[in-house]
Amino acid sequence: MESYRSEVFVEGRLEKAHSSASVTLTSPVTEEVIGSISDCDDVDIDRAVAAATNALPAWRETSLKERGQILGRIADLYEKRKDEIAELVSWQNGAVIKRSKLSNGVMPVNAYRSNSQLADTLELERFVAAVDGGSLVRREPIGVVGAIVPWNAPQVLLAGKLAPALIAGCTVVAKPSPETTLDTLLLAELFEEAGLPAGVVNFVTGGRETGMALVAHPGTDKISFTGSTLAGRMVASTCGEQLKPVTAELGGKSAAVVLDDADLDQFAASLISTCLPNTGQVCYSCTRVLAPSSRFKEVLDAVVTTLQAAPFGDPLDPNSEFGPLVTARQRERVESYIQSGLEEGALLALGGGRPKAFPVGYYVEPTVFIDVQNSMRIFREEIFGPVLVVVPYDDDAEAVRIANDSTYGLGGSIFSRDIARATAVARQIETGKIAVNASPGAPGVTTDGYKDSGFGGDDSVVAYLQTKAIALPR
Ligand code: NAD
C-alpha cells in the first residue's frame, strides 16, 4: 500500500494544497517510500485560517447542547473506525499496535465523548454578587486556535485539543506531524458525517515551517502546541511577542522510583508501560529507574529480564511490545545517545545496538545503562527511544533529590507496598503527573508540565475560554 496525498482540509472539503512542495513518507519497518503529503505554504495557511475565522461567529453562537451532540456523533463515528485508524497510524509511525489501539483508538474516543458530556455541566455564564452591585461573568471562546501535534500518539493528542476547543465554541486550524498526516486527513470524513459545520476544523499539512507559519499567523488567537521543548521555546517566544495565549506540552525525562518495599513482580509487570511505552517514544516515559542500593541487583535483574523477554518486531503484530523507531533520523539520535553514554563511562547492562534479527527497519534494541552519573547526557536529556538508566540511591530523601535533579517535570511513578509512603514521596517530586504502582499515563487527568516540560495546562476546556465580566447596576 502506498498513499500519495496532496490535500488540505479547508471549509469542510478536502482540496488540493496550493503548495507544490511535498514531504516523502518512509516506512519505519521496510525503509521504503510509502507515499507523500503536501508541505503547505503561506497561501494554504491563509486559506485555512480564513475558513476558521469565517466559521467562528456562527459556531460560537451554537448552543452547548448542539456542540455536545456533534462531538458525541464524532465519538460514535470514531469508535466504529478506531482499529482502522490505529492501524493507519502504526503503518506510518511504527507504533506497536497494542499501544496504538489505546492511544489512537480508545483514548481519542474517550476524549471526544467526555468533552461532549461537558455540555450538561459546563457553566459559561453566572452572576457574581458584590457589595456595590455585581457582574455577569461570562466565559467565551478564545477564537481561532492553531493546534500542532507530534507523531508519537497523534490521535489522542489531536483529540485532546480539538474536543475541548470545539465544546468551548472555538474554531481550529490543526497541523499534524508529516509522519502521521494520513490518519488526520481521514478525520475529515468523520467530521463531515457528524455534521460539523464547514470551516470549524481545518487541517494543514507539512513540517516545522508550516507549524511556524501557523503560530505566527495574526489570525490565530491561541496556540496549543505539543512537541519537543526545543520547538516549544520557539513557539512560546513567537506567541510572547504577539501576546497570544499558548499551551505548551513538551518533553520529559521522568523517574520511576522503586522503594525498598516494592513488589518487584508488580514493578516488572508495569515496566514497559511505565518506562518504555511505544518503544520509549512517549513524553512521560520513566527512563530513569531509581533503585534502592539494598535491592539494586534485584531491580536491575527485573528490568533486564523483562526487557529481554518482551516480544520485539513487526509493529502490526498484536504481540509486539517493541517496534522500530519512527524515522532514520530518530534512530540516529537514539544511537548517538547510546554512544555518548559509553563515551562518558556508563556501562551497558542490556542492548546498545541494532537487533541482528531485524537488519531492515529503524530498530534499536531495548538498552539499559548502569554506572550512570547525574551529569551524563543519558541521565539528563530526553532520548525518545528504548533506552533506560538504572541508578542506585540510599534512602527516600536521596531518591527524591535524584528524581528532581532534572530540568524536566512531566511524569513519574513510585513503586511501593505502602501507598501512604509512596504518596508522601510523590508529593515531593517536581512533576505534573505521577502514579503509584502504575504508569503515569492514566487517562482523563488534567495537569501542568513542571519546569521545561511546559505550561498552560494540559488540554482542558478552560484553556480555550476567556473570561468577561459585565458589571450591572444595583
Ligand atoms: P517536534 O517539536 O519536533 O515536533 C512537534 C510538532 O511541531 C510537529 O508537528 C512539527 O512539525 C511541529 N514543529 C516543529 N518545530 C516547530 C516550530 N518551531 N514551530 C511550530 N511547529 C513546529 O517534536 P517531535 O519530535 O515530533 O515529537 C516528540 C516530542 O514531543 C518529544 O519531546 C515528546 O516528549 C514531546 N511530546 C510531549 C507531549 C506532552 O504531552 N507533554 C506529548 C507527546 C509528545
Side-chain angles (χ1 to χ4, degrees), residues 23 37-40 45 92-93 95 99 103-104 107 111 146-161 173-181 183-184 203-217 220 223-239 244 246-254 277-287 325-327 329-334 337 381-385 406-412 431-433 440-441 443 445-460 463:
V23 183
I37 51 111
S38 287
D39 199 9
C40 285
I45 309 270
Q92 297 168 92
N93 72 357
R99 169 103 205 155
S103 59
N104 302 299
M107 290 164 77
I148 298 177
V149 292
W151 45 263
N152 64 327
Q155 287 292 339
V156 67
L157 295 171
L158 188 60
K161 298 182 186 318
V173 178
K175 188 201 85 67
S177 252
E179 293 82 3
T180 48
T181 293
D183 52 296
T184 308
F203 296 136
V204 290
T205 68
R208 181 168 172 265
E209 305 289 323
T210 314
M212 288 169 73
L214 180 59
V215 171
H217 198 290
T220 48
I223 299 298
S224 179
F225 176 82
T226 302
S228 61
T229 295
L230 187 67
R233 283 188 207 285
M234 292 178 70
V235 168
S237 159
T238 305
C239 290
K244 189 183 286 188
V246 56
T247 310
E249 300 172 350
L250 309 176
K253 186 78 184 178
S254 301
N278 203 28
T279 314
Q281 301 168 112
V282 167
C283 52
Y284 60 74
S285 302
C286 298
T287 51
L325 298 170
V326 64
T327 54
R329 195 164 60 103
Q330 189 65 17
R331 180 172 63 176
E332 266 169 43
R333 178 189 153 96
V334 170
Y337 273 110
E381 298 178 20
E382 182 182 51
I383 299 175
F384 229 53
S406 174
T407 54
Y408 293 109
L410 195 65
T431 191
K433 197 175 271 195
V445 185
T446 297
T447 58
D448 279 311
Y450 281 31
K451 303 192 268 188
D452 288 358
S453 291
F455 57 84
D458 202 352
D459 280 312
S460 71

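Quick caveat: nothing in here was measured; it's all calculated off a predicted structure. Counting starts at 1 for both ligands and their atoms, following the listed order.
Every atom of ligand 1 with a heavy atom of W151 under 4.0 Å away is listed here by number and element: 24 (P), 25 (O), 26 (O), 27 (O).
Checked for salt-bridge contact, K161 and E249 meet the test: a charged N lies under 4.0 Å from a carboxylate O.
By the criterion of a heavy-atom distance under 4.0 Å, both the backbone and the side chain of E249 are placed next to ligand 1. Residue-level proximity to ligand 1 for E382 is carried by the side chain, the only part with a heavy atom below 4.0 angstrom. Contacts with ligand 1 closer than 4.0 Å are made by side-chain heavy atoms of L157 only, the backbone lying farther away. Under 4.0 Å from ligand 1, the heavy atoms of F384 that appear belong solely to its side chain.
Ligand 1 has no nitrogen or oxygen under 3.5 angstrom from a nitrogen or oxygen of V235. In terms of polar-atom proximity, N152 is not counted as a contact of ligand 1, lacking any N or O under 3.5 Å from an N or O of the ligand. Ligand 1 has a nitrogen or oxygen under 3.5 angstrom from a nitrogen or oxygen of L250. Polar contact with ligand 1: present for S228 (N/O pair, distance under 3.5 Å). For a threshold of 3.5 Å applied to N or O pairs, the pair formed by T226 and ligand 1 contains no separation below that value. For a threshold of 3.5 Å applied to N or O pairs, the pair formed by K175 and ligand 1 contains at least one separation below that value.
I223 pairs with exactly one of T238, V215, T247 by the side chain to side chain contact (heavy atoms under 4.5 Å, CB included) rule, that one being V215.
Atom 16 (C) of ligand 1 has its nearest heavy-atom neighbour, among K253, M234, Q330, R208, in R208.
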